[in-house]
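Since the structure comes first, as structure tokens, the remarks are kept for the end.
Just so it is clear, the values below take in all heavy atoms, side chains as well, and ignore hydrogens, waters and symmetry mates. Labels below follow one simple rule: chain letters A, B, ... track the order of the sequence lines, proteins then strands, and each chain is numbered from 1.
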Number of protein chains: 2
Amino acid sequence: MLPSLDEKLDPRVKRTRGLILQSFENLLAEKNFESISVQDITDKAQINRATFYAHFQDKYTLLDYSINQMFMQEIDKRTLNICTYNTDNLRNLILVVCEFLARLHTDCVQPHNQFESFVETTVKKQVFDLLSYWLRNSKISTELPATVATSAIYGLASHYSHRKKRPALDRFVDEALPLVAINLEQFA
Amino acid sequence: MLPSLDEKLDPRVKRTRGLILQSFENLLAEKNFESISVQDITDKAQINRATFYAHFQDKYTLLDYSINQMFMQEIDKRTLNICTYNTDNLRNLILVVCEFLARLHTDCVQPHNQFESFVETTVKKQVFDLLSYWLRNSKISTELPATVATSAIYGLASHYSHRKKRPALDRFVDEALPLVAINLEQFA
DNA sequence: CAACGTATGTTGTTTATGCGACAACTGTAT
DNA sequence: ATACAGTTGTCGCATAAACAACATACGTTG
């Protein structure tokens, strides 16, 4: 099982991180990432600015953590982190990525900037790790197939999420699925 | 102006008290006061049980504080704490007490018990103090008129809040107003 | 250029909270 | 009666968070 982390740590830490996360995500809905200051975050979270630095190096580290958390939560919700490869799970994964990017685009004020590419890096890493985990029992190397599939999934999801008028997600995924599955069928 | 307290104190204290208050009020909606343990409160508030005792002597102190806070909030909302006596303000005060008791009866699971009389004491004290404040410039003693008016207001509001089928509040207050105002008109 | 306002990280100290343990009391069941 | 389980209020100690102050950097404005 992939490391989804709900470790037992000091409740104060949990609470503070939660407050920071929530504050940050709310702020992302109001202004774009660049214009958010650490002070903004801590004000809304009702914590001291110095405390922020006890948990995150800077707001970039927070963004990374935040994206990871949000995405992992969606993965967990569908228990995709405790399964193995098959077409059905792959379909769900594509669905999750599409939904995730779509939500990010509708919820966050984000003109083009580093935000986009940041999300790409973070999400791709998670998708790649998940695929690698699914294929963990393969006798042959899974690196290239997983890489290709990851790029394909992200590319399709990004495409989907940028559509002015998004088509029905289910139909979109139906079309997308075989294009991704083709390189993974050998592992089914 | 009466002491409505939003003092500057440690943000941790504010947060903790807020969590306790909220947890407590939510619990009141689920079970009756007697069956709520301190552990219940701190569990839901996500704070340590010992921390509770750093803020309140026991759950009775908390109840007192909670009722006071809730009621004062309603008073503040209508700026009744920064005005002087006139019929209009009196009308609003009666309205507030009626609404407050009514909300308490619909929101809280409360069969007959000490809860009821506890609320009475607390609310009456606030009403009395407020009336005394309104009449602060009177040359003659306001103690008896304020006492009578306080009892009348609470009695009417309690009556209203216990009705199975409550009549329209505005109409009720219209009827009630003159009965209370009669002893205060000399101060208008 | 200089003066200014604002945001960033960092530090040392103080304070609030978490934690585990304890004795005392309650009600309940055996 | 005795044992048991649960709640209460309190304690000392460990640790996270608040706070104020500081140096640094950056952009703006005069």
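- In this structure, CG of B:Leu9 is placed 15 Å from C1' of D:dA17, rounded to the nearest angstrom.
- Within the structure, salt bridge (Lys or Arg N to Asp or Glu O under 4.0 Å) contacts touching residues 41-70 of chain A (residues at least two apart or in different chains) are A:Glu30-A:Lys44.
- Using a 4.0 Å heavy-atom criterion, one finds that B:Ala50 contacts the bases of the nucleic acid, with or without backbone contacts as well.
- Toward the 5′ end of DNA chain C lies the nearest nucleotide of B:Asp10, the other residue of the pair A:Pro11 and B:Asp10 mapping further downstream.
- Which of D:dG9, C:dT17, C:dC19 sits closest to the side chain of B:Asn48 comes down to C:dC19.
- Separating the CD atom of A:Glu34 from the P atom of C:dA7 is a distance of 16 Å, rounded to the nearest angstrom.
- The pair A:Asp10-A:Arg15 does not count as a salt bridge, with every side-chain nitrogen at least 4.0 angstrom from each carboxylate oxygen.
- Rounded to a whole Å, the CZ atom of B:Phe52 is 13 Å from the C1' atom of D:dT7.
- Look at NE2 on B:His55: it is 8 Å from P on C:dA16, rounded to the nearest Å.
- Between B:Asn32 and B:Ser35, the side chains place a donor N or O and an acceptor N or O closer than 3.5 Å (distance only, hydrogens not considered).
- Put simply, the side chain of B:Arg12 and the base of C:dT17 share no donor and acceptor less than 3.5 Å apart.
- As judged by a 4.0 angstrom heavy-atom cut-off over every strand, B:Arg15 is placed among residues touching the sugar-phosphate backbone only.
- In this entry the distance linking NZ of A:Lys14 with P of D:dA17 reads 13 Å, nearest Å.
- One finds the CZ atom of A:Arg171 at 6.5 Å from the CD atom of A:Glu175 (value rounded to the nearest 0.5 Å).
- For residues 35-45 of chain A, proximity to DNA chain C is found at A:Ser37, A:Val38, A:Gln39, defined as any non-hydrogen atom under 4.0 angstrom from a strand atom.
- Closest to the side chain of B:Tyr53, out of C:dT15, C:dC19, D:dT8, is D:dT8.
- Two end axes, each from the C1' atoms of five base pairs, can be drawn for the helix from C:dC1-D:dG30 to C:dT30-D:dA1; they diverge by 20°, to 10 degrees.
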Listing, residues 178-188 of chain B side-chain donor-acceptor contacts under 3.5 Å, not counting sequence neighbours, or none:
unit_1	atom_1	unit_2	atom_2	d
B:Gln186	NE2	B:Asn183	O	3.4

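- Scanning both residues, B:Glu116 and B:Tyr154, for their nearest heavy atoms gives O-OH, 4.2 Å.
- Taking atom NZ of residue A:Lys8 and atom C1' of nucleotide C:dG18, one finds them 16 Å apart after rounding to whole Å.
- The separation between A:Lys59 atom NZ and C:dT8 atom C1' is 11 Å, rounded to whole Å.
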- request: Classify every nucleotide of nucleotides 22-29 of chain C by which part a protein heavy atom approaches to under 4.0 Å, writing B for the base, S for the sugar-phosphate alone and - for neither, in 5'-to-3' order.
  value: --------
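- Around atom CD of B:Gln46, no more than 12 heavy atoms belonging to other residues, nucleotides or ligands sit under 6.0 Å away.
- Using modelled atom types and a 3.5 Å distance limit, the side chains of B:Asn26 and B:Ser23 yield no donor-acceptor pair.
- Rounded to an integer number of Å, the gap from B:Gln46 CD to C:dG18 P is 10 Å.
- Scanning both residues, A:Leu80 and A:Trp134, for their nearest heavy atoms gives O-NE1, 3.0 Å.
- Listed by first and then second residue, the salt bridge (Lys or Arg N to Asp or Glu O under 4.0 Å) pairs that reach into residues 80-108 of chain A are A:Arg78-A:Glu99, A:Arg91-A:Asp170, A:Arg91-A:Asp174, A:Arg103-A:Asp107, sequence neighbours excluded.
- For A:Ser161 against A:Ala102, the heavy-atom pair with the smallest separation is CB-N, 3.7 Å.
- B:Asp129 has a carboxylate O that lies under 4.0 Å from a charged side-chain N of B:Lys125, or vice versa, which qualifies the two as a salt bridge.
- Both B:Val13 and A:Tyr60 sit near DNA chain C, but only A:Tyr60 has its closest nucleotide nearer the 5' end.
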